[in-house]
Amino acid sequence: MRLSRAFLPVLKESPSDAQIVSHKLMLRAGLVRQTAAGIYAWLPLGFRVLKKIEQIVREEQDRAGSLEMLMPTIQSADLWRESGRYDAYGPEMLRIRDRHDREMLFGPTNEEMLTALFRDDVRSYRDLPRTLYHIQWKFRDEVRPRFGVMRGREFLMKDAYSFDLDEAGARQSYYTQLLAYLRTFQRLGIRAVPMKAASGPIGGDLSHEFIVLAPTGESEVFYDASYEEMDWSGSDLQYGDVAGLRALFDRIGQTYAATDETHDEARWSEVPATSQRTGRGIEVGHIFYFGTKYSDAMGLRVSGQDGGMVTPHMGSYGIGVSRLVGAIIEASHDEAGIVWPDAVAPWRVGLVTMRADDGPSASAADGLYRKLHDAGVETLYDDRDERGGVKLGSMDLIGLPWQVIVGPRGVAAGTVELKNRRTGECQELSAESALERLTA
Ligand code: 5CA
């Protein structure tokens, strides 16, 4: 993408209405614009990041055996009356009437809808277990939308729902999602620690929040440093491995991690002092097992193996996809701007001509841009006729993993500059070597 043809409005000043660094940087680097309180338009750069996150979430769900589908944003109030949540949900639900005066709502989540879909088409134990998911916009009329996309009113969520014949099966589905979440967050380039949630909707030990560590997080967190060494992506634990998944769940249960809501001083004191880590965190995912709460209320029953009827056990599993954009920035930035983890960077390389008005520099940069493009390296090319310093400042702000800087002096000497955004390390090398490094 040539910056001269892009829609990438970069702001010099920090917007005064933004309180936290990710919100400031998202506005300054042109990722989003607010269109109404807690509602955001995703500009091209922000949209690319959102899509990359979504794709990683999707791949890890698919790998765990979840089935993707798409449910609508607008739902009927009657559906929610069946579960009893229509009145219980309160003012957070955006209620709408259509032209026939029918009561509708903008979905804050989809337990009811999927339970009804399942009820209408699933008859037998042979069709279970199943986990289905979608990635869809939600609306919650939060009292205090704040921190940009972090607590929005309209936000993008991945929500998965599992159906099993009994609690033992539902536990397997829960452990499966637990592993899928650990792998998802690791691939996104962030450390998200699973913490037992205050209490699931039906109590028990099966509700976890996934917390990204960042100083501006809403909750205080306490965790064992051994989470910092755990490698979920590299582990060869298979999704069908019943004992292995149970062992994973037990290991997480035994390794201390809690938010201020569930913190237990007695257990904390057993963690060796050198391993105690405290800080603040942002909730990027939440998983629940809730038994037969919805299947009971909504009459979802299937024929069991022995001929009797069975009420399926369910769980639901959310990831805040749009919130993750903010959370990743909170966890990965410096004074100059955003520092994108490779996996979610909107482009891999930022190519800059220091002097677009200098013929040899411009043609060297053009040539390199073509080669990067042909090699399939996602490149943002700042070909504008602007001061070099301003362009470098914008590139640092936007935070692409690599910068290639082309200037008249280098071109005369046959070199370009290759800069690593995270380490700041700069290297002068030939354009060919830079290309080799970036395509390796
Ligand atoms: N039905 C369940 C699981 S699918 C559910 O809705 N869980 S939730 O309420 O915890 O939401 C799931 C995730 O969505 C949260 O972990 C959070 O990352 C994200 N989320 C929730 N509210 C907001 C909001 N107002 N703005 C941005 N993200 C949000």
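These figures come from a predicted structure and were not determined experimentally. Worth knowing before you read on, the calculation uses all heavy atoms, side chains too, and leaves out hydrogens, waters and symmetry mates. As the structure lists them, so they are numbered: ligands from 1, and atoms in each ligand from 1.
- Residues Tyr289 and Tyr174 keep their aromatic ring centres 6.0 Å or farther apart.
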**Study point:** Derivation of the side-chain contact (heavy atoms from CB on, under 4.5 Å) call for Arg97 and Glu103
**Key:** CA-CA 5 Å; Arg97 277 176 196 273; Glu103 291 174 281; 3.8 Å; yes

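- Because its NZ or CZ atom is not both nearer than 6.0 Å to the ring centre of Tyr294 and within 45° of the ring axis, Arg85 does not count as a cation-pi partner of that residue.
- Not a single donor-acceptor pair under 3.5 Å links the side chain of Ser332 to the backbone N or O of Ile328.
- Screening Lys51, Arg48, Arg348 for a salt bridge (Lys or Arg N to Asp or Glu O under 4.0 Å) involving Glu378 leaves a single residue, Arg48.
- At a heavy-atom cutoff of 4.0 Å, ligand 1 is surrounded by Thr109, Glu111, Arg140, Glu142, Val149, Met150, Arg151, Gly152, Phe155, Met157, Asp159, Glu283, Val284, Gly285, His286, Phe288, Ser316, Tyr317, Gly318, Gly320, Arg323.
- Between His263 and Tyr223, the ring center distance fails the sub-6.0 Å criterion.
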